[in-house]
Every structure is written in structure tokens, then in C-alpha cells.
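Right, one structure below, let's go through it.
The model shown is predicted, which means the values in this text are computed figures rather than measured ones.
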Amino acid sequence: MFNFPKYHTIEYKNNPLTGRFEKLPNIIAFNKLPYDLKVEPTQKEFLIQQGANTIITGRINKGQREFFSGLIPLNNYSFYGNDYEFIKGVKKLSLIIFVFSSDSAKLTIYFFNQFYKDNRAERINFCLSFLATKKGL
């Protein structure tokens, strides 16, 4: 049985008019993810080599993406990726699990802030074990 680290659950709803997923209101705000996200094909070869044929991004603000992650498949509707930040000059990675509804109307994101498994096999095993604890995934 896994004892999972703390994580944040963030819900998005697909807006078919804009082609973006828009964040749903939450009692406790989580500001590391932007208001809306767009899913699109990867154009970077290094991402494709890592298994991310698709990316998820935020808008460009002052010449910088608000958010960017490759989507590496775990199963038909679930993917994992990461985010990073620098804290006191040290790069900190955060593991993210993305779960799309079968009709792509909804996106649920599980954000493990400053938690990451460096070993790819361990990372995939962690994600699949976590998803197994969620109903209907």
C-alpha cells in the first residue's frame, strides 16, 4: 500500500468555443497552474523522444509561457508530466498527473508540489499506483 505525498487536485472544464480547458473555482486556490490550458501536438524532438507527443500549455504572458508540460501517456485518458521552479537557486521538480474524461469535457490534475521520482520506471509505477486508488480511473 502506498502512502502518497500531499497533492493538490485541480479541475478544468473544456470550453469548446476556445479549445481551452478553463479552471473551475476551488475553495482553496492553487496558483501554480493558470486559469486556462491548451492541449496541442508536440513540435520539439526531445519531448517526442521522451514519449510526449502532446503538450499542455498556458498562455504566453510577457514573452513567457505561464505553464508548459509534456503529456506522457499512462493509459488512454491519463498522462504524466512535470513542472519546475527555482528555490534559492535550486531547481525543484513537481510531478503532475493529468486525467481527461473519456469525452474530453473535463480535465483533473493532481499536482505533487516539489515531489518527483527521478527514475522513470519508479515514476510510472507511482503514477499508476496513485491512479489505481482513484475511483473510475
Side-chain angles (χ1 to χ4, degrees):
M1 193 66 164
F2 276 90
N3 188 11
F4 295 107
K6 183 181 174 194
Y7 61 92
H8 299 272
T9 304
I10 306 95
E11 301 279 340
Y12 284 79
K13 182 178 179 183
N14 190 356
N15 181 337
L17 298 176
T18 64
R20 294 182 170 273
F21 287 89
E22 298 174 348
K23 192 186 286 189
L24 297 176
N26 204 340
I27 294 170
I28 299 173
F30 183 72
N31 297 323
K32 290 194 176 184
L33 291 171
Y35 170 73
D36 64 4
L37 295 167
K38 183 173 181 99
V39 176
E40 53 195 344
T42 301
Q43 296 183 10
K44 302 283 185 185
E45 186 60 35
F46 80 95
L47 290 170
I48 294 169
Q49 289 176 359
Q50 293 175 11
N53 293 323
T54 308
I55 58 171
I56 188 164
T57 64
R59 293 186 184 268
I60 296 174
N61 186 5
K62 298 178 185 170
Q64 297 275 1
R65 286 257 178 225
E66 292 177 323
F67 177 79
F68 176 93
S69 181
L71 294 176
I72 300 171
L74 293 163
N75 58 41
N76 288 340
Y77 305 109
S78 302
F79 302 80
Y80 75 90
N82 64 36
D83 190 31
Y84 71 91
E85 62 188 320
F86 286 95
I87 299 174
K88 296 182 181 176
V90 177
K91 185 176 181 179
K92 297 284 186 177
L93 289 171
S94 296
L95 181 64
I96 309 171
I97 300 174
F98 303 87
V99 180
F100 294 87
S101 62
S102 60
D103 62 359
S104 295
K106 183 179 158 189
L107 167 61
T108 303
I109 297 177
Y110 302 100
F111 196 106
F112 295 85
N113 195 30
Q114 297 181 27
F115 170 83
Y116 196 76
K117 296 267 187 191
D118 288 327
N119 178 287
R120 184 181 179 99
E122 289 177 12
R123 190 165 54 247
I124 291 169
N125 185 47
F126 173 87
C127 292
L128 293 173
S129 297
F130 177 81
L131 290 173
T133 68
K134 300 292 171 193
K135 298 254 185 231
L137 299 179

Between Asn113 and Lys32, do the side chains contain an N or O donor and an N or O acceptor separated by less than 3.5 Å? yes
Does the side chain to side chain contact (heavy atoms under 4.5 Å, CB included) test come out yes or no for Asp83 and Phe111, once each step is laid out? CA-CA 9 Å; Asp83 190 31; Phe111 196 106; 3.8 Å; yes
Do any N or O atoms from the side chain of Ser69 and from the backbone of Asn82 form a donor-acceptor pair under 3.5 angstrom? yes
Out of curiosity, does Leu33 fall in the hydrophobic cluster containing Leu93 (side-chain heavy atoms, cut-off under 4.5 Å, transitive links)? no
Minimum heavy-atom distance Leu95-Cys127, with the two atoms named: CD2-SG, 4.0 Å
Under 3.5 Å donor-acceptor, Arg123 side chain and Gly81 backbone: no
At their closest point, which heavy atom of Gly58 faces which heavy atom of Leu37, and how far apart are they? N-CD2, 4.0 Å
Donor on one side chain, acceptor on other, Glu11 and Thr108, under 3.5 Å: yes
Could you go through Ile124 and Arg120, starting from their C-alpha distance and side-chain angles, then the distance that decides it, and tell me whether this counts as side chain to side chain contact (heavy atoms under 4.5 Å, CB included)? CA-CA 6 Å; Ile124 291 169; Arg120 184 181 179 99; 4.0 Å; yes
Does the pair Tyr110 and Phe4 meet the rule for a side chain to side chain contact (heavy atoms under 4.5 Å, CB included), with working shown? CA-CA 12 Å; Tyr110 302 100; Phe4 295 107; over 6 Å; no
Which residue, Phe21, Tyr12, Tyr77, forms the ring-ring contact (aromatic ring centres under 6.0 Å, His included) with Phe100? Phe21
Same cluster for Tyr116 and Ile96 if Ile/Leu/Val/Met/Phe/Trp/Tyr side chains link at under 4.5 Å? no
Give the C-alpha distance, both sets of side-chain angles, the deciding distance and a yes or no for side chain to side chain contact (heavy atoms under 4.5 Å, CB included) between Thr57 and Glu40. CA-CA 8 Å; Thr57 64; Glu40 53 195 344; 3.4 Å; yes
Assert yes or no for the condition that the ring centre distance of Tyr84 to Phe68 is strictly below 6.0 Å. no
Would you say Phe126 and Phe98 are hydrophobically clustered, going by side-chain heavy atoms of ILVMFWY under 4.5 Å? no
Just by distance, do the side chain of Arg20 and the backbone of Asp36 share a donor-acceptor pair under 3.5 Å? no
Heavy-atom pair of closest approach, residues Ala105 and Ser101: N-OG, 3.1 Å
Show the nearest heavy-atom pair for residues Asn15 and Leu17, with the distance to one decimal. OD1-N, 2.9 Å
When you measure from the side chain of Thr133 to the backbone N and O of Phe130, does any donor-acceptor pair fall under 3.5 Å? yes
Neighbour count >12 (heavy atoms, 6.0 Å) for atom CZ, Phe30: yes
Return yes if some donor-acceptor pair links the side-chain N/O of Ser78 with the main-chain N/O of Leu74 below 3.5 Å, else return no. no
Sub-6.0 Å ring centroid separation between Tyr7 and Phe112: yes
Would Lys23 count as a cation-pi partner of Tyr35, with NZ or CZ less than 6.0 Å from the six-membered ring centre and within 45° of the ring normal? no
Atom CD of Glu45: over 12 foreign heavy atoms under 6.0 Å: yes
Transitive ILVMFWY side-chain link Phe115 to Tyr80, under 4.5 Å: yes
Taking Ala52's backbone N and O only, do any of them form a donor-acceptor pair with Thr42's side chain (distance below 3.5 Å, no angle check)? yes
